[in-house]
Visitor: 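Right, I'll just put the structure down here and ask away after.
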Amino acid sequence: DLSISPYLREPLRAIIDPSVREVIIAASPRTGKSMIHDFIALYTLLVDPSDILFVIDSLDKAKEWHNTRWRRLFNANNVQYSFDRFDTKSNLILFPNLTMRFAGGKTTTGLSSFPSRVILADECWQYKKGILQHIKSRALEFPLSKKIVLCSQASTEGDDFYEEWHKGTQEIWHFRCPNCNTLQPFVISEQREDGSYYGLQFGEAKDKRTGKWDIPKAEEIACYRDWE
C-alpha cells in the first residue's frame, strides 16, 4: 500500500521506466526499501522476463530471503516453480521463463561467468571494496536494457555505495510545511552553515549546567524550525 510509504513511488516509477538503467536507494532500516526488491523480482517474472541476480551480504541470508519472503509472494501471484529447495550447487532457481541466481556480497564467489540483465543488491554498505563494481559488471552485456537496483542503509563517506549514490540525482523525500508550504527534508536536527539549527527545536528545555533535559518543558515548547 503506497499510501503508507509514498516515498517509494518515485523509485518504483524509475524501476519500470525503460530509459532508467540504475536505481540507487539509501534509506534507514524498516522504511520498506527491501520491498523494492520484492516488487522488481515479481515484475520481472510476470511482465518483463529476464535472468535475475540477487545479491545480499551472505548467501545464507539470500536463501532466507527467498524462503521467508519470495516463496509466499510468488505463490500468491501464481508463479509456478519448485518450492522445495535451491539448486545446492549453483544457488539458483529455474523458472519456466528465466533463471534467478543468488549470491553473497562479501566475496566474488558466485558473481562470475553468469551475466544478468536484472541485478538486485541489498545492504550494499556491508560489501568489501570493489565488490559492487564486480556485481554491476554482470550486466555489461546489456548496456541498453539492464536494470540495476542497489538498496542499502547509509554507508561511510567515500566507500563504493556512497560513490554510486552520488553519481545519481540524489532525490530526497521531503514533507510540505503546513505553515509556509515549502518542502522540508525529514531530519531530527541539523546545523546550517551559519551555525544555527533547523528541524526539531526544544528551546531552553536542557539545563546547561547539568546537561539534563526537562522533559515536561521540552514537550511544551517543542517545535519544528524550517530549514530555510
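Nothing here was measured: the structure is a model prediction, and the numbers come from that model.
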Visitor: Test your reading of the model: is there a side-chain donor-acceptor pair from N75 to the backbone of R71, 3.5 Å cut-off?
Guide: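 Side chain of N75 to backbone of R71: no pair is present.
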Visitor: Does any donor atom in the side chain of T182 or Q184 lie under 3.5 Å from an acceptor atom in the other side chain?
Guide: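 A donor-acceptor contact under 3.5 Å links the two side chains.
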Visitor: Under a 3.5 Å distance rule, please check whether T31 uses its side chain to pair with a backbone N or O of A27 as donor and acceptor.
Guide: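 Judged by distance alone, no pair lies under 3.5 Å.
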Visitor: Let's go through Y197 and F202 carefully: what are the C-alpha distance in whole Å and the side-chain angles of both, what is the deciding distance for ring pair (Phe, Tyr, Trp, His ring centres under 6.0 Å) to 0.1 Å, and is it a yes or a no?
Guide: CA-CA 11 Å; Y197 285 84; F202 299 98; over 10 Å; no
Visitor: May I have the step-by-step check of side-chain contact (heavy atoms from CB on, under 4.5 Å) for M100 and F95, ending in yes or no?
Guide: CA-CA 8 Å; M100 180 180 289; F95 294 89; 3.8 Å; yes
Visitor: May I ask you to check whether over 12 heavy atoms, not counting those of R30, lie within 6.0 Å of atom CZ?
Guide: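 At most 12 heavy atoms, drawn from other residues, nucleotides or ligands, come within 6.0 Å of this atom.
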Visitor: Just verifying a value: how many Å separate K217 NZ and D207 CG, rounded to the nearest 0.5 Å?
Guide: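 The NZ atom of K217 sits 9.0 Å away from the CG atom of D207.
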Visitor: Find out whether L12 and F39 are in side-chain contact, i.e. whether some heavy atom of one side chain is under 4.5 Å from a heavy atom of the other.
Guide: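 Yes, at least one pair of side-chain atoms sits under 4.5 Å.
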Visitor: Are side-chain heavy atoms of L46 and V79 found at a separation under 4.5 Å?
Guide: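 A side-chain contact exists here, since the closest heavy-atom pair is under 4.5 Å.
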Visitor: List the steps, then state whether side-chain contact (heavy atoms from CB on, under 4.5 Å) holds for F102 with L53.
Guide: CA-CA 6 Å; F102 297 80; L53 172 63; over 6 Å; no
Visitor: Say whether, by atom type as modelled, one donor and one acceptor occur between the side chain of N97 and the main chain of P49 under 3.5 angstrom.
Guide: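 Side chain of N97 to backbone of P49: no pair is present.
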Visitor: Under a 4.0 Å N-O cut-off, is there an ion pair linking K128 with D159?
Guide: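 So K128 does not pair with D159 through a salt bridge.
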Visitor: If only atom types and distance count, is the side chain of T210 paired as donor or acceptor with the main-chain N or O of K212 below 3.5 Å?
Guide: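 Side chain of T210 to backbone of K212: a pair is present.
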Visitor: Is there side-chain contact between L98 and T44, with at least one heavy-atom pair below 4.5 Å?
Guide: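 Touching, per the 4.5 Å side-chain cut-off.
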Visitor: Are side-chain heavy atoms of L42 and F74 found at a separation under 4.5 Å?
Guide: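 Counting from C-beta outward, L42 and F74 do come under 4.5 Å.
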Visitor: Measuring from atom CD of E10 to atom CD1 of I172, what distance do you get when rounded to the nearest 0.5 angstrom?
Guide: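 Spacing of CD (E10) from CD1 (I172) equals 14.0 Å.
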Visitor: If you define the side chain from C-beta out and look only at heavy atoms, does anything of E22 sit under 4.5 Å from K136?
Guide: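 Yes, their side chains come closer than 4.5 Å.
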Visitor: Which pair of non-hydrogen atoms, one from V118 and one from S50, has the smallest distance, and what is that distance?
Guide: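 The answer is CG2-CB, 4.3 Å.
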Visitor: Angle class for the H166/Y162 ring planes (parallel below 30°, perpendicular above 60°, tilted otherwise)?
Guide: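 It falls in the tilted class, 30° to 60°.
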Visitor: Treat each ILVMFWY residue as a node, draw an edge where side-chain heavy atoms are under 4.5 Å apart, and state whether I188 and I221 are in one component.
Guide: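 Unlinked, I188 and I221 end up in two clusters.
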Visitor: How are the rings of W70 and W65 set to each other: parallel, tilted or perpendicular (split at 30° and 60°)?
Guide: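 Plane angle over 60°, so perpendicular.
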Visitor: Ignoring hydrogens and angles, tell me if any N or O in the side chain of R225 forms a donor-acceptor pair with the backbone of G199 under 3.5 Å.
Guide: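 Not confirmed, R225 side chain does not pair with G199 backbone.
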Visitor: Do R21 and I148 have side chains that get closer than 4.5 Å, going by heavy atoms?
Guide: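 Side chain of R21 against side chain of I148, heavy atoms only: no contact under 4.5 Å found.
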Visitor: Any idea which heavy atoms bring L132 and C124 closest together, and the distance?
Guide: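 So the two residues come closest at CD1-SG, 4.1 Å.
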Visitor: What's the verdict on side-chain contact (heavy atoms from CB on, under 4.5 Å) for R138 and K146, showing C-alpha distance, side-chain angles and the deciding distance?
Guide: CA-CA 10 Å; R138 297 300 87 212; K146 66 183 178 182; over 6 Å; no
Visitor: So for atom CD, which belongs to E157, do other residues, nucleotides or ligands contribute more than 12 heavy atoms lying within a distance under 6.0 Å?
Guide: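 Counting other residues, nucleotides and ligands, CD of E157 stays at 12 neighbours or fewer.
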Visitor: Mind checking whether V149 and I119 have side chains closer than 4.5 Å, heavy atoms only?
Guide: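 When only atoms from C-beta onward are counted, I119 and V149 do not touch, as no gap falls below 4.5 Å.
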Visitor: Is there a donor in the side chain of S19 and an acceptor in the side chain of D17, or the other way round, less than 3.5 Å apart?
Guide: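 A donor-acceptor contact under 3.5 Å links the two side chains.
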Visitor: Assess whether a salt bridge exists between K129 and D160, defined as any Lys/Arg side-chain N lying under 4.0 Å from an Asp/Glu carboxylate O.
Guide: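 Counted as a salt bridge, because a side-chain N and a carboxylate O are separated by less than 4.0 Å.
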Visitor: May I ask you to decide whether K61 forms a salt bridge with E64, counting only side-chain N to carboxylate O separations under 4.0 Å?
Guide: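 Looking at E64 together with K61, the answer is no, because their closest N to O distance does not fall below 4.0 Å.
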Visitor: With the 4.5 Å side-chain cut-off for hydrophobic clustering, are V47 and L45 part of the same group?
Guide: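 As far as the 4.5 Å side-chain criterion goes, L45 and V47 are connected within one cluster.
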Visitor: Is it true that the side chains of E163 and W165 contain a donor and an acceptor less than 3.5 Å apart?
Guide: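 Short answer, no.
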Visitor: Looking only at heavy atoms, which two atoms of S155 and W125 are closest? And how far apart?
Guide: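 Scanning both residues completely, I find the closest heavy atoms to be CB-CB, 3.6 Å.
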Visitor: Which pair of heavy atoms, one from M35 and one from R69, lies closest together, and at what distance?
Guide: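 Closest approach of M35 to R69: N-NH2, 3.8 Å.
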Visitor: Measure across L200 and Y224 and return the closest heavy-atom pair with its distance rounded to 0.1 Å.
Guide: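 Result for this residue pair: N-CD1, 3.8 Å.
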Visitor: C223 vs Q201, test: side-chain contact (heavy atoms from CB on, under 4.5 Å). Steps then yes/no.
Guide: CA-CA 5 Å; C223 65; Q201 304 294 308; 3.9 Å; yes
Visitor: Could you grab the distance from atom CG of L150 to atom NE2 of H37, nearest 0.5 Å is fine?
Guide: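 The distance works out to 8.0 Å.
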Visitor: How many angstroms lie between atom CG of D122 and atom CD1 of I56, to the nearest 0.5 angstrom?
Guide: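 Between atom CG of D122 and atom CD1 of I56 there are 4.5 Å.
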Visitor: Do L183 and W173 land in one hydrophobic cluster if side-chain heavy atoms of ILVMFWY residues count as linked below 4.5 Å?
Guide: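 No, it is not one cluster - the side chains of L183 and W173 are not joined through contacts under 4.5 Å.
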Visitor: For residues R101 and D51, determine if any side-chain heavy atom of one lies less than 4.5 Å from a side-chain heavy atom of the other.
Guide: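 Heavy-atom side-chain distance check fails, nothing below 4.5 Å.
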Visitor: Given 3.5 Å as the limit, does a donor-acceptor pair link the side chain of K147 with the main chain of I15, or not?
Guide: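 At least one qualifying donor-acceptor pair exists.
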Visitor: What distance do D57 atom CG and I131 atom CD1 have between them, rounded to the nearest 0.5 Å?
Guide: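 The CG atom of D57 sits 12.0 Å away from the CD1 atom of I131.
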Visitor: To the nearest 0.5 angstrom, please state how far the CD atom of E171 sits from the NE2 atom of H174.
Guide: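 The CD atom of E171 sits 10.0 Å away from the NE2 atom of H174.
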Visitor: Please give me the minimum heavy-atom distance between I24 and E164, naming the atom from each residue.
Guide: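 Heavy-atom minimum between the residues: CD1-O, 4.0 Å.
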Visitor: Assigning hydrophobic clusters by single linkage (Ile, Leu, Val, Met, Phe, Trp, Tyr; side-chain heavy-atom cutoff under 4.5 Å), is F142 placed with I52?
Guide: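 No; tracing contacts between hydrophobic side chains, which count when under 4.5 Å, never links both residues.
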